[in-house]
Amino acid sequence: MKKVRVRFAPSPTGGLHIGGVRTVLYNYLFAKNHGGDFILRIEDTDQNRYVKGAEEYIFDCLKWCGLEADESSLHGGEYGPYRQSERKEIYGEYGEQLVKDGFAYYAFDTAEELEKMRQDLKTEANPSPQYDHSIRRKMRNSLTLTMDETKKLLDAGIQHVIRIKMPENETVFLNDVIRGEIHFNTDTLDDKVLLKADGMPTYHLAVVVDDHLMEISHVFRGEEWLPSAPVHLLLWKYLGWEKHMPKWAHLPLILGPNGKLSKRDALKYGFPVFAMNWTDPKTGELIAGFREKGFLPEAFINFLALLGWNDGTEQEIFTKEELIKKFSIERVHSGGAKFDYEKAKWFNHEWIKRLTIDEFRLRIDKILADNNIAGIGKDYLDKVIALVKDRCILLTDFYDQSHFFFKSPAEYDLNAVKPKWSGGKKRFFDLFVEEMKATDPWESAFIEDGFKKLAMMQDMKPGELQLPFRIMLVGGKFGPPVFDIAAVLGKEQTIQRVHKAIVAFD
RNA sequence: GGCCCGUUCGUCUAAGGGCUAGGACACCACCCUUUCACGGUGGUGAUACGAGUUCGAAUCUCGUACGGGCUACCA
């Protein structure tokens, strides 16, 4: 059997959204599952849509996700170049060959003429007229012009495109791995442009030529490509490569609240749709990314993998290695899946809980730096992490959950303590300071023990004293068990905070 | 409008002719915890509709409805 070679072919026009990442994931998992190669090809045939930094950004995203390509413009390979703009010369000859063989033709229509045709033919029943078999006889192309006229125009260097000549009333069968057999009648298809006036191929020509030249064995791409699939099938046939044609699978779309998930949804609903932050160089607009939101790449790909696929069991948490082992394209759903940010967060939480303290520490450098927390000893930091880790749903929750370990509370939630504050309670804490001074060893259980004994001696309920104690150390009604906090803070710091708070409470 | 794809709890999904239609997220209740989470237990909640095939249909077929995608010299 032919070696498995799959590819992801993004056009570098902006951020990489999760639909794209999932397409990469499924390609990658399939390739690795079959011991094959994953190729990344940059589809930059549209010069007008070039966006600076987008290509590098895509590579960075894949690196962060742990889905790096075996071959690409960055990683090299035997089938390069991997950037279509650098393959420009390759496509022309195939276009000419198609014309010579009668499968395509030259078209000289200007943008204005095309626009006029669409306007003239536009009716309520047909709001978007196509350049198809029914009208190509009325346009300016090598089908309507004589050979001499055509040659004259070509020799004169008049701008022209090459269009595929859709056959009339034929049925094109597509055997999709996920959807089964799909058929199209060619009468409903239009004469797509194959080679543009600037000499660049359109996606349709480039994808077929490159997939052939790069010996791609399987094409897994988004469902939005389904309508143009028959054009690709026909080109494989017309170019004489039918027996080498890859297997096809069209992946279901990832939906937002209103249709295909888009970056507009990110702005509107406040959840990330890109893998990493992306700032549009033209508008300066920032679209949030999962990485910066505090997601673990392990959780991110785990979540994405399960959005449209499952292994048939009830397992939901998978490592990348497990996914590689268990993934099968046949088990991918045919229906679109709505993006659920809550579930994404649940996956992240599960992954954070599974992290060891060491692993967690290595992931929070940036969060500490962003919050000006520096010079913390490893032992102390690890104790904090041990208490706080499982309370973090996102990595970025770490600061909110732990800041009081690094900075004495700047203010107190007085509403939680003031109404019930009394002379008796003040006396208790004065005595408790003395008690703490004698507490040895300084451990959670001993601190708690001393606290409760003293409360009993004072004939007070320990429960009613715990909340004030918490506010003293933390500033508010949150955080891990209060005696654990005191233990980590240390005797001196705990006593200091109690002293300071007693004054503030009075 | 045309073409194509899709349709099981609110969401992601399991079940590919034979069960009380299973799990997870979210939600609710209780337990744990006299912070808040975690955790534990339980609960609400679905086969879009209509025909047909069959002893039997979530599962097969057809129709309808609804949702989505495409309809550029963009990918």
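We name chains A, B, ... by the order of the sequence lines, and we start the count at 1 in each one.
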- line: Under a 3.5 Å limit on both distances, the Watson-Crick or wobble mate of B/A58 is none
message: For a quick test of reading the model: is some side-chain N or O of A/H333 closer than 4.0 Å to OP1 or OP2 of B/A14?
response: yes
query: Checking all strands, does A/R221 fall into the base, sugar-phosphate, or nothing category for heavy-atom contacts under 4.0 angstrom?
result: nothing
- prompt: Across the strands shown, which category fits A/F184 at heavy-atom distances under 4.0 angstrom: base, sugar-phosphate, nothing?
  reply: sugar-phosphate
- prompt: What interatomic distance, in whole Å, is found between C1' of B/G45 and the corresponding atom of B/U20?
  reply: 15 Å
query: Between A/N48 (CG) and B/C73 (P), how many Å, whole number?
result: 13 Å
field: Whole-Å distance separating the CZ atom of A/F398 from the C1' atom of B/A37
entry: 16 Å
task: Under 4.0 Å between any heavy atoms, over every strand shown, what does A/I182 touch: base, sugar-phosphate, or nothing? Just pick one.
output: sugar-phosphate
- request: Give one of base, sugar-phosphate or nothing for A/N185, where a contact means two heavy atoms less than 4.0 Å apart.
  value: nothing
message: Can you tell me the base-pairing partner of B/U35? Count Watson-Crick or G-U wobble geometry only, both distances below 3.5 Å, and say none if there is no partner.
response: none
message: When you compare the side chain of A/Q401 with that of A/I393, does any pair of heavy atoms fall below 4.5 Å?
response: no
field: A/R41 side chain vs A/Y82 backbone, donor-acceptor pair below 3.5 Å
entry: no
- request: Determine the Euclidean distance between corresponding C1' atoms of B/C62 and B/A24; express it in Å to zero decimal places.
  value: 35 Å
- prompt: Would a distance-only check, ignoring hydrogens and angles, find a side-chain to backbone donor-acceptor pair under 3.5 Å from A/D132 to A/L189?
  reply: no
statement: Scanning all shown strands, the Watson-Crick or wobble mate of B/U8 with both distances under 3.5 Å is none
message: Using a 4.0 Å heavy-atom cut-off, does A/T123 contact any base of the nucleic acid, only the sugar-phosphate backbone, or nothing at all?
response: nothing
field: Identity of whatever pairs with B/U64 - Watson-Crick or G-U, under 3.5 angstrom
entry: B/A48
- prompt: Taking OP1 and OP2 of B/G39, is either one under 4.0 Å from a side-chain nitrogen or oxygen of A/K353?
  reply: yes
- request: Please determine if a side-chain N or O atom of A/N126 lies less than 4.0 Å away from the OP1 or OP2 oxygen of B/G2.
  value: no
- prompt: Is A/S334 touching bases, backbone alone, or none of the nucleic acid, heavy atoms closer than 4.0 Å?
  reply: sugar-phosphate
statement: Separation of B/G6 atom P from A/E224 atom CD, nearest Å, is 15 Å
- request: Would you confirm whether A/S142, through its side chain, and A/Y106, through its main-chain N or O, come within 3.5 Å as a donor-acceptor pair?
  value: yes
task: Could you check how far CZ of A/R354 sits from C1' of B/G39, rounded to whole Å?
output: 14 Å
- prompt: When the distance from CZ of A/F347 to C1' of B/U11 is rounded to whole Å, what number comes out?
  reply: 12 Å
task: Write down the partner of B/A21 under the Watson-Crick or G-U wobble criteria, each distance required to be under 3.5 Å.
output: none
- request: Determine which nucleotide pairs with B/U41, using a 3.5 Å limit on both distances of a Watson-Crick or G-U wobble pair.
  value: B/A29
- prompt: Can you tell me if the side-chain N/O atoms of A/K196 get under 4.0 Å from OP1 or OP2 in B/A75?
  reply: yes
task: Classify the side chain of A/R179 versus the base of B/C5 as yes if they form a donor-acceptor pair under 3.5 Å and no if they do not.
output: no
Whole-Å gap separating C1' (B/U71) and NZ (A/K192): 7 Å
query: Does the pair A/R87/A/D210 count as a salt bridge with the N-to-O cut at 4.0 Å?
result: yes
task: Taking only Lys NZ, Arg NE, NH1 and NH2, and the carboxylate oxygens of Asp or Glu, determine whether A/K353 and A/D390 approach each other closer than 4.0 Å.
output: no
- request: Could you check which nucleotide pairs with B/C3 in any of the strands shown, counting Watson-Crick or G-U wobble with both distances under 3.5 Å?
  value: B/G69
message: Treating primed atoms plus P, OP1 and OP2 as sugar-phosphate and everything else as base, which nucleotides of nucleotides 24-35 of chain B get B, S or - for protein heavy atoms under 4.0 Å?
response: BS--------BB
task: Examine B/G23: is either OP1 or OP2 under 4.0 Å from a nitrogen or oxygen in the side chain of A/T313? Give yes or no.
output: no
field: A/H212 and A/W236 aromatic ring geometry - parallel, tilted or perpendicular at 30°/60° bounds
entry: perpendicular
- prompt: Nearest-Å distance, NE2 (A/H250) to P (B/C70)?
  reply: 13 Å
- request: Would you tell me if any nitrogen or oxygen in the side chain of A/K260 comes within less than 4.0 Å of OP1 or OP2 on B/C70?
  value: yes
task: Could you work out the separation of B/A29 and B/U7 based on their C1' atoms and round it to a whole Å?
output: 33 Å
Presence of A/R163 side-chain N/O under 4.0 Å of B/C73 phosphate oxygens OP1/OP2: yes
- prompt: Of A/K165, A/R136, A/R163, which is the lone residue that meets side chain to side chain donor-acceptor pair (under 3.5 Å) with A/D191?
  reply: A/R136
message: Less than 4.0 angstrom between a side-chain N/O of A/R331 and OP1 or OP2 of B/A15, yes or no?
response: yes
Distance between C1' atoms of B/C28 and B/U61 (Å, rounded): 42 Å
message: Mind checking if A/A337 touches a base, just sugar-phosphate, or nothing, with heavy atoms under 4.0 Å?
response: sugar-phosphate
task: Report, as yes or no, whether the 6.0 Å neighbourhood of atom CD on A/E56 holds more than 12 heavy atoms from other residues, nucleotides or ligands.
output: no
